[in-house]
Amino acid sequence: MIAQTVPLKAARLASLFLTFVFGVVGFAMGINALVKSNNQKDLVKEKAPAGATVDINTDDVFTVGCVVTAVCAALAVVSLASLVLLFFTRPATQSSVPLSTRTLKPQGFLLAFLSVWLFAALVAMTDFVANREAKVSASIGNFPLQESVIKTVEQALGVTSVYRKIDYLRLAVILPWIAFLFGAISSALSLAAARRARHTSAEISTTPYVAPEPAPSMKEKEKGDADIEQVQV
């Protein structure tokens with residue numbers, strides 16, 4: 001009965017759990033990248049010569065990174081809610097359908113929406129990290145410093161403005177891709193389970209009801225026994 005009212009339970013449990021785990025990991029990597037990026041900016045400004053003004057512009061990767069972080073968090077919340085619902089497999093009555101099964105279609109569409117949104121943000125962020133770098137400018141008074149001087153200072157401090165060479169940015173791109181993968185799988189499984197549950201309920205509703213034969217009354221039973229005795233005589 002549970003297999004019919006909660007279709008694809010084992011597969012959905014595994015996929016939703018992994019979606020939740022990597023959603024949390026993607027969110028954590030985004031927060032980690034934000035904190036470490038701010039720390040590096042502060043380090044460069046502290047080590048700059050007296051009277052120098054340093055401007056580090058990372059708006060491109062920062063904006064899309066915030067979107068990736070937020071969507072990973074939303075994906076973790078939705079997958080956790082679906083997991084909690086999935087544990088309520090026991091219906092209120094024998095003929096009713098569990099809440100987890102009745103909400104399969106909304107779960108599937110919500111997971112699909114978040115997965116598509118995460119995919120779009122990750123495509124942009126992957127491109128930025130692979131091909132761009134932070135825009136760093138510095139000046140002393142009204143005299144801007146040349147880029148070669150800025151690069152020399154970066155090397156002396158052990159930092160880089162090239163995104164693909166920064167470890168925490170690479171992690172903030174790679175791990176959310178795994179969250180997207182399991183989010184898409186969870187969405188597909190939820191929609192497939194919703195379709196299977198709908199077909200199962202349709203088959204049950206179209207199955208003809210065969211009424212049980214009524215039990216013979218005492219008089220009919222006594223009459224039958226008398227007929228048997230007459231035949232034996």
Side-chain angles (χ1 to χ4, degrees), residues 2-3 5-37 58 60-89 98-133 162-199:
I2 292 179
T5 57
V6 187
L8 303 177
K9 181 180 178 180
R12 287 168 53 216
L13 275 174
S15 181
L16 287 169
F17 176 74
L18 291 172
T19 303
F20 168 71
V21 169
F22 283 101
V24 172
V25 170
F27 172 74
M29 290 299 101
I31 297 298
N32 177 67
L34 176 62
V35 172
K36 288 188 174 180
S37 174
T58 58
D60 49 1
V61 75
F62 172 79
T63 301
V64 71
C66 287
V67 175
V68 169
T69 303
V71 178
C72 281
L75 201 59
V77 170
V78 173
S79 58
L80 178 61
S82 299
L83 273 173
V84 172
L85 286 176
L86 194 54
F87 281 109
F88 292 95
T89 56
L99 179 61
S100 62
T101 303
R102 296 200 304 270
T103 57
L104 275 172
K105 186 174 287 187
Q107 291 177 43
F109 283 126
L110 186 55
L111 287 168
F113 170 74
L114 292 175
S115 298
V116 171
W117 191 6
L118 182 58
F119 174 79
L122 280 173
V123 168
M125 188 172 180
T126 302
D127 177 63
F128 292 166
V129 172
N131 302 310
R132 295 191 183 185
E133 61 182 83
V162 181
Y163 293 149
R164 67 175 178 273
K165 295 181 179 180
I166 302 175
D167 293 339
Y168 59 79
L169 281 182
R170 292 202 301 268
L171 290 175
V173 172
I174 295 171
L175 293 176
W177 275 109
I178 305 177
F180 157 74
L181 173 64
F182 286 112
I185 293 173
S186 296
S187 171
L189 286 174
S190 296
L191 294 176
R195 185 167 57 250
R196 180 174 295 187
R198 186 171 63 251
H199 290 166

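Counting from 1, the numbers follow the sequence of the chain as shown.
- Note that the CG atom of L189 and the OG atom of S82 stand 11.5 Å from one another [nearest 0.5 Å].
- Nearest heavy atoms, Y168 versus S37: OH-CA, 3.4 Å.
- No side-chain donor from either of Q107 and S190 sits under 3.5 Å from a side-chain acceptor of the other.
- Within the 4.5 Å cutoff, the side chain of W117 has heavy atoms near those of the V67 side chain.
- Residue-environment remark: CZ (F17) stays at or below the threshold of 12 foreign heavy atoms within 6.0 Å.
- Across all their heavy atoms, F20 and A76 have their closest contact at CD1-O, 3.3 Å.
- Closest non-hydrogen pair, K9 versus L86, comes out as O-CD2, 4.0 Å.
- S186 and T19 are linked by a side-chain donor-acceptor pair at a separation below 3.5 angstrom, with hydrogens and angles left out of the test.
- Here the CG-CG distance, from L16 to L83, works out to 4.5 Å after rounding to the nearest 0.5 Å.
- Counting only heavy atoms from C-beta outward, the side chains of I166 and K36 never approach each other to under 4.5 Å.
- Nearest heavy-atom pair across F22 and A179 is O-CB, 3.5 Å.
- Checked against S15 for a side-chain contact (heavy atoms from CB on, under 4.5 Å), the options I185, L8, L181 give a single hit: I185.
- Under the 3.5 Å distance criterion, the side-chain polar atoms of N131 are matched with a main-chain donor or acceptor of D127.
- A donor-acceptor contact shorter than 3.5 Å is absent between the side chain of T63 and the backbone of D60.
- Judged by distance alone, the side chain of S115 and the main-chain N or O of L111 form a donor-acceptor pair under 3.5 Å.
- The structure places OG1 of T69 at 10.0 Å from CE of M29, a figure rounded to the nearest 0.5 Å.
- Atom OG of S187 sits about 9.5 Å away from atom CG of L114, to the nearest 0.5 Å.
- Smallest separation of non-hydrogen atoms from T126 and W177: OG1-NE1, 3.0 Å.
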Start with the C-alpha distance between Y163 and T58, add both sets of side-chain angles, then the distance that settles side chain to side chain contact (heavy atoms under 4.5 Å, CB included), and finish with yes or no. CA-CA 10 Å; Y163 293 149; T58 58; 3.8 Å; yes
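- Contact record, V68 with A172: CG1-O, 4.4 Å, taken as the closest heavy-atom pair.
- Once rounded to the nearest 0.5 Å, the distance linking SG of C72 with CZ of F27 reads 9.5 Å.
- Separation of atoms CG (L122) and CG (L118) is listed at 4.0 Å; rounding is to 0.5 Å.
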